[in-house]
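Written below as structure tokens is the structure these notes are about.
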Amino acid sequence: MRSLALLVLAAAVGEAAALGAAPARAPAAASLRPAREDAEEAVAVAVAVALPRSADPAAVEAAGDEAHGDASSHHQHGGGYKIVQWEWSYVQTPYIIAIWILVASVAKILFHFSQRVTTVVPESCLLILLGLVLGGVVLIASKKQLYQLDPGLFFLFLLPTIVGDAGYFMPSRLFFDNLGAILMYAVVGTLWNAFCTGFCLYGMKLAGVIGELFLLFGALISAVDPVAVLAVFEEVHVNETLFIIVFGESLLNDAVTVVLYKVYISFVEVGPGNVQTADYFKGVASFLIVSIGGTMVGLIFAVILAFITRFTKRVRIIEPLFVFLLVYLAYLTAELFSLSAILSMTFCGIGTKKYVEANISQKSRTTVKYTMKTLASIAETIIFIFLGISAVDKSKWAWDTGLISCTLIFIFVFRALGVVGQTWVLNWFRLVPLEKIDQVVMSYGGLRGAVAFALVVLLDGKQVKAKDYFVATTIVVVFFTVMFQGLTIKPLVKWLKVPRSTNRKPTLNEEIHERAFDHILAAVEDIAGLNGYHHWRDKWEQFDKNYLSKLLMRKSVYHKGELWEVYQKINIRDAISVIDQGGNVLTSARLSLPSMASRTSFSDVTNVTSYLRENGSGVCLDLQVIDPVSGGKLEEETETHHLLTGNLYKPRRRYHAHYSRHFMTMGDKERQDREVFQRNMRSRLESFKSTRYKGKTRALVPIDPVVAPLESEEEKSEDEPEKDDDVGITFFDVYLACCCLTSIAVPGTLEVCQSPAVIPPSPTCAEKHLPWKGGGGTLPVCVSMETTKIIPIDLQQAWNQSISSLESLASPPAPAEPQHPRVRTLVSEPFTDVHYSCKNMTKKIYKTSMLNCNLGFTYFYTCTTCVFLPHA
Amino acid sequence: MIMFFSSPSDVKNNGHRRFFPYCHIILIPRGVSGHESGGITTFFARRFHHVTDHSCAIIMGSGDSTLSKIPNVEELMEETGFSPAHVVRLYERFQALDKSKKGQLSRKDFESIKELATNPIRDRIIGAFFAQGQEMVDFHTFVRILAHFRPVDKNRPKKANMQEPVNSRTSKLRFAFQLYDQDNDGKISRNELLQVLRTMLEMQVTDEQLESIADRTIQEADLDGDNAISFDEFRKSLEKVNIDHKMSIRFLR
């Protein structure tokens, strides 16, 4: 840790000092005076962004000298060319920021090396400690504290990233289910905390403890902090209701905090004596405007954002940008009108998510998710580190034991009292009353954090004389709540046996039945004549379906069922989990998909999965062949590659990987891929014909029509046929993958069935992209991670195929089920034949195909890696 | 002024909230006619839903005779766990729905509820009120069906020989199950599931999409491989769902 800190120092300060000295040539004092001042100013600005409270004179000096030096050298040499130039002042700001982010990220990695530490100590604690250490190092090295959590930076950049993430990924159903409670705690609770803490501190003052303006202090210290709550509660995993109440409160109390803070500040400015009664009413009005206005701004931006994403079909690449921009603009706009920015951003995120997620492509969705999470995570890390660093500087705060201990006690006591009181009232109205243990956790989870700190730093030291005391107290309170309470809340939750969240994704059954429940409840409320929550929710959903979604969603998406989306998502999830289970799907003889969690045992032999398992021993042989354990691995692989090169489809036209900034499509390839596909199917069919009389050998791959994403259908119906990039790729990958996999499994085929008729399938596009395929004749012997992972799946498939081939022998071909047009267009004649034989699958086989369907998505992922990585 | 007391033993411990459990004093200005005061007392009775039968009788004695109109009201409350205030409210609703004033509701009466018109599974829910072969629903059945959706009360003392309360987890699930299982054979067949899905999703998805959803659903829940979901399988598939929360509504008092 220490070396890390020193590294930072070297980068941020040392380099400037050390290297600044070097170019200090020929100081022509008089002529350089203005230049020097300019440079100093520039540096001061730059450094100000990088948060040094008072720029280190050495550094500024050095930087100034350096700029000065540059200027002078230009003067002297008349623009003579310098081979290498030292441009520190030019890159300083971004450099320092980048270094800090690097430090924060590396720190995170280091923490997670030790599993034991991070399970006990929350990351936020560790980060604060690290900040303390770093701050100490900086202090020792430069005698002055350079860095501090700057309120401007915090409110304009760090906080929005966290709030944006929180708002966008807020589980909206849960949020609105508990909105009443959340609002209650956020508004009443915060007011209660602020006034009680303020007045009690004031009382303490009367009793002799130093201080003033306690109401102001009470206001800023009373709000539960979203950053701290997120950081701590995410690791505790309490049940969702509890989490959403505490977290929702921490977000929505922003309006109260903002208003109280501003009102008090203005009172301070006016002077306590001049406050009139009207001002109090203004305060109330201001609260309404700030909160409702903030929400409205957020919702307006939500509508704009959703509407924009309706039309990004052809510029998929900038879809994620719109999300970030408009959500951030919602924050800034609210800030512009001094409304509640957090409320604005939260509601923008909550309101827009449904439509945006429906409109943008799968890849954009992933991008948005990862970028938001990355930014939020790094912002959180930086906030905690800087909280630690800021605490080291003694010059800015003054210790007052009485004030600090009183504040700590009051905060805790009033939080507990407030929670108990409000819960008592709330439980009158709640369907699910909040239990005592919930109340304990809620009281204990009232963490204070960076928002309070930033607000207290913002105070004007001239007007608020006790600012230094307040800063110290706030730091202690924040540290105490984040570190002590954060550290102990986990054991507490365990000890109290608070129901934990399971972090389990709902199964399809649950999704469907819960939808039905919603309808049932709405109907029952209507019948019983109660205009309750479900009634209004139902009304809203009707409105949303009839008007909002029509306005904000693409036609193609609008006409697609939500449940269908869910269904696809579940399939993808299963597929991923199959991949994650890696090579031991079959060897370990347990294939468990998350959606099948309820299935504890495969008791019935008619079950395909168990059938697979029972007959899995033969398959294991295959696996052994490829397993690295056997010494023959290298040999096998060489053989594979020979085999593959021998039978590879030689594309008639080599196409070049072309670069496009705007599209990630495979446009040109389409035709070729289709050809590859058709060839594959043909060869597969031949192999099927030849093997179908040989019992359990591998045959065709029954490609389930379900695999094919059906989006394109609706897209076609629009003005002009156009291709949704994603869809194309998904579909493409599905069949591509089948080919790819089969080809990889070739050695297995040879081992087990010894059927010469099994024609190794032709190559695939993925192969063309695989690095070792490029060189034509020379084949480096290697099997990528993907392939080793995939093989077992393919083997499963092989079994499915063999079963289906048996079945097809037994019964005459049935008429094919209606297929998706897209599939139909792509499927060549032989494939349709194949399809016929697949179609009379009994239930067993159907399950198999469902499995295949899952696998189809598996391919999607692996193949995207294969296909896209070389491009990237 | 009306005062009514209830002794501690009277207080039915059926709710989690007890507001001044032993004594209720309600001041009604003089000159308020019997009918109005009845309204007021009913109002208060709604506030304190745990008001016991005994004290309730006092309220009723003071003018509101709604409860006394209902036959076997005590039995009904005992069975369903509704408070008198609930029952009164539901009775008012029942009468409002009962256009023909015969004390029974027909299918038409249900169908005329405006809000229900948009509910996709309206017919099934209305059907749930009618026992097999029955054309009319009387008040008792009406209340009994609605009682399925009463939140589970945790601290209600369990009586030894009592049958399973109508708002238990199992009966809630049973109710939902029967909405799917229209032919009452104890199983949700693929077809039955498809029908429900189709009504819920309306025209949004194609038939084959629906079928694949249905197949997947059955595959997920089906443990014995009969390509249908029995009640046990249904219950198992919803094992992790908090049915008490998701199948309850807050009955206004």
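Naming convention: chains lettered A, B, ... in sequence-line order (proteins, then strands); numbering from 1 in each chain.
- Residue A:Ala528 comes nearest to B:Leu146 through the heavy atom pair CB-CD1, 3.9 Å, listed as atom of the first residue, atom of the second, then distance.
- Within the 4.5 Å cutoff, the side chain of B:Phe175 has heavy atoms near those of the A:Ile520 side chain.
- Looking only at side-chain heavy atoms (C-beta outward), B:Ile145 and A:Ile527 stay at 4.5 Å or farther from each other.
- Residues A:His519 and B:Pro120 have side chains in contact (heavy-atom distance under 4.5 Å, counting atoms from C-beta outward).
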Take A:Lys539 and B:Glu115, measure what side-chain contact (heavy atoms from CB on, under 4.5 Å) needs, and give me the verdict at the end.
CA-CA 9 Å; A:Lys539 280 267 164 306; B:Glu115 292 90 345; 4.0 Å; yes
Run the side-chain contact (heavy atoms from CB on, under 4.5 Å) check on B:Leu238 and A:Phe517 step by step: do they pass?
CA-CA 12 Å; B:Leu238 291 172; A:Phe517 292 166; 3.9 Å; yes
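- Between the side chain of A:Asn509 and the main chain of B:Thr217, a donor-acceptor pair closer than 3.5 Å is present.
- Between the side chain of B:Glu220 and the backbone N or O of A:Leu508 there is at least one donor-acceptor pair closer than 3.5 Å.
- Evaluation of the ring-ring contact (aromatic ring centres under 6.0 Å, His included) rule for B:Phe94 yields B:Phe139, B:Phe142 as partners, not counting sequence neighbours.
- Listed by sequence position, B:Ala176, B:Leu179, B:Tyr180 are the residues of residues 176-186 of chain B in contact with chain A, using a 4.5 angstrom heavy-atom cutoff.
- Across all their heavy atoms, B:Ser248 and A:Leu431 have their closest contact at O-CD2, 3.3 Å.
- Annotation: maximal heavy-atom pairing with chain B below 4.5 Å, among A:Glu511, A:Glu510, A:Gln542, A:His513, occurs at A:His513.
- Of all the heavy atoms in A:Thr507 and B:Ser237, the pair that sits closest is OG1-O, 4.4 Å.
- Between A:Asn571 and B:Arg216 there is a side-chain heavy-atom pair separated by less than 4.5 Å.
- The two residues A:Asp526 and B:Ile113 have their closest heavy-atom pair at O-CG2, 4.0 Å.
- Between B:Lys246 and A:Glu514, at least one side-chain nitrogen of the basic residue sits less than 4.0 Å from a carboxylate oxygen of the acidic one, meeting the salt-bridge criterion.
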